[in-house]
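Scroll down for the structure; my scribbles are underneath it.
Chain naming here is simple, since letters A, B, ... match the order of the sequence lines and numbering starts at 1 in each. FYI, side chains are in, hydrogens and waters are out, and symmetry mates aren't considered; it's all heavy atoms of this structure.
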Number of protein chains: 2
Amino acid sequence: MTVGRKEAARVGRARSTTAAELGRIGLELFIERGFDEVTVDEIAAAAGIGRRTFFRYFPSKNDLPWGDFDAMLGRMRAHLSDIPADIPLYDALRAAVIDFNTFPDAELPLHRQRMEVLLRTPTLVAHSALRYQSWRQVIADFVAARLGVAADALQPQTIGWACLGISLAAYDQWLAHPEQVLTDLIHQGFVQMREVFCSRAVPGDV
Amino acid sequence: MTVGRKEAARVGRARSTTAAELGRIGLELFIERGFDEVTVDEIAAAAGIGRRTFFRYFPSKNDLPWGDFDAMLGRMRAHLSDIPADIPLYDALRAAVIDFNTFPDAELPLHRQRMEVLLRTPTLVAHSALRYQSWRQVIADFVAARLGVAADALQPQTIGWACLGISLAAYDQWLAHPEQVLTDLIHQGFVQMREVFCSRAVPGDV
DNA sequence: TTCCCTACGGCACTCAGTGCCATTAGTATG
DNA sequence: CATACTAATGGCACTGAGTGCCGTAGGGAA
């Protein structure tokens, strides 16, 4: 079980590239010409590998633009578990979602382009639904632990959807209005959600 | 501009089937053998039409299980515009979402099977994202009108996501626990959303 | 060197989806 | 009835994603 940080020396033939490198090359092509205008053959050729090999690095063309999303989920999970128990759930969620979407200024331009591809290409909008499932589950697990209920119960799942929705609506604004600040938009989303859902209930509400 | 209810007599060759009929046949196969196990060729053969013709009734295999979703959206839009202006936004949304997902008892078993296919097949979960865009927009348009802001503004879009999330989380519970009542679950989702988002804010919250 | 192990990549195949176009089956008109 | 017009059908060929199979290349270990 050598979990060497680079596992520099392994048996067998050395890998000819990395998922990160392949992702960089592919994303560049997508940004330049549009997702649907680039074939897997072209990405493979640009990376100097065979088409068959591409599918050993990414299960599908759709997965390429996401980069190492699982690692990001891991960090969000870690961040959530670091939040003190006396912070109210609403504030904890807001902090975690904002943290998840906070990037160094230097990375913002590329992040914007990546999200432009991901959120403005119908094929990818569709495929993203599968990634969002894992994202929502991270939120749901946290909410479930806080409330002492099962992670697949209605409330944690509903809140998972709400947080996802706040994020995606914020991204949509951010892409349309580049002068705005992404994390501010997420904050506003949380506030505006509260505005609507905390309006006075009519009599008879449970 | 003859908008005859059946337009019984038109010029040109008569259609050999209908989208509804094709949808019925296809859905039956999907329920029986699973979405991924049925090819378009098989659906076409079962319906007695050519494969090429299938794609004139549905833009993709993924669209078949949805039936006439646009018509349902139209009804939701109509229902929303019938809601008196003095009903609070939260209550109006809850009523509309519940109404959208209310079906006669006789239709429930089939509806459950349809949703089972739609929500438990990864391919369709992904594709659904595109349908949900239109659904959310109906909600967003209503919220925007109520609040007097643009339909593509942050708040209407965020609330659109929230309502979608409440619905889908409720459907997930409903599929997992057949003894529960779908519309009750949606109601609970609205209540539970409020529970979390209306918890006391810490000082400094805008 | 030889062995072993792992990654590579070519090939052939399935299936979704599309453009093209000849054919079919209707209605309208003389 | 014959002809003209119109719209749907469906066959054919093609592109592109994704997969199983398998021989080969390139690395470390004995």
Ionic contact status for B:Asp63 with B:Arg131, cut-off 4.0 Å: yes
Touch class at under 4.0 angstrom, heavy-atom based, for B:Gly12 against every strand present: base
A:Asp41 side-chain proximity, nearest of C:dC15, D:dA17, C:dA7: D:dA17
Helix axis bend for the helix from C:dT1-D:dA30 to C:dG30-D:dC1 - C1'-based end axes, five pairs, 10° rounding: 10°
Protein-nucleotide distance (B:Arg15, atom CZ; C:dT27, atom P), rounded to Å: 15 Å
Whole-Å gap separating C1' (D:dA7) and CD1 (B:Ile49): 16 Å
Nearest-angstrom distance from the residue atom CZ of A:Arg10 to P of C:dC4: 19 Å
A:Arg24: partners by salt bridge (charged side-chain N to carboxylate O under 4.0 Å, His left out), with sequence neighbours left out: A:Glu21, A:Glu28
Salt-bridge contact A:Asp172-A:Arg120 (side-chain N to carboxylate O under 4.0 Å): yes
From OG (A:Ser128) to CH2 (A:Trp66), nearest 0.5 Å: 4.0 Å
Nearest-0.5 Å distance, CD of residue A:Gln192 to CZ of residue B:Phe197: 12.0 Å
Interface with DNA chain D, restricted to residues 51-61 of chain B and to heavy atoms under 4.0 Å: B:Arg52, B:Thr53, B:Arg56, B:Tyr57
Short side-chain N/O contact to C:dC8 OP1/OP2 from A:Ser16, under 4.0 Å: yes
Residue closer to the 5' end of DNA chain C, B:Val38 versus B:Arg13 (nearest nucleotide): B:Val38
Electrostatic pair A:Glu42:A:Arg33 at N-O distance under 4.0 angstrom: yes
Gap between atoms CG and C1', on A:Leu22 and C:dG9 respectively (whole Å): 14 Å
Test applied, salt bridge (charged side-chain N to carboxylate O under 4.0 Å, His left out); reference residue, B:Asp141; option that passes from B:Arg146, B:Arg136, B:Arg77: B:Arg77
Check: B:Glu195/A:Gln155 side-chain N/O donor and acceptor closer than 3.5 Å: yes
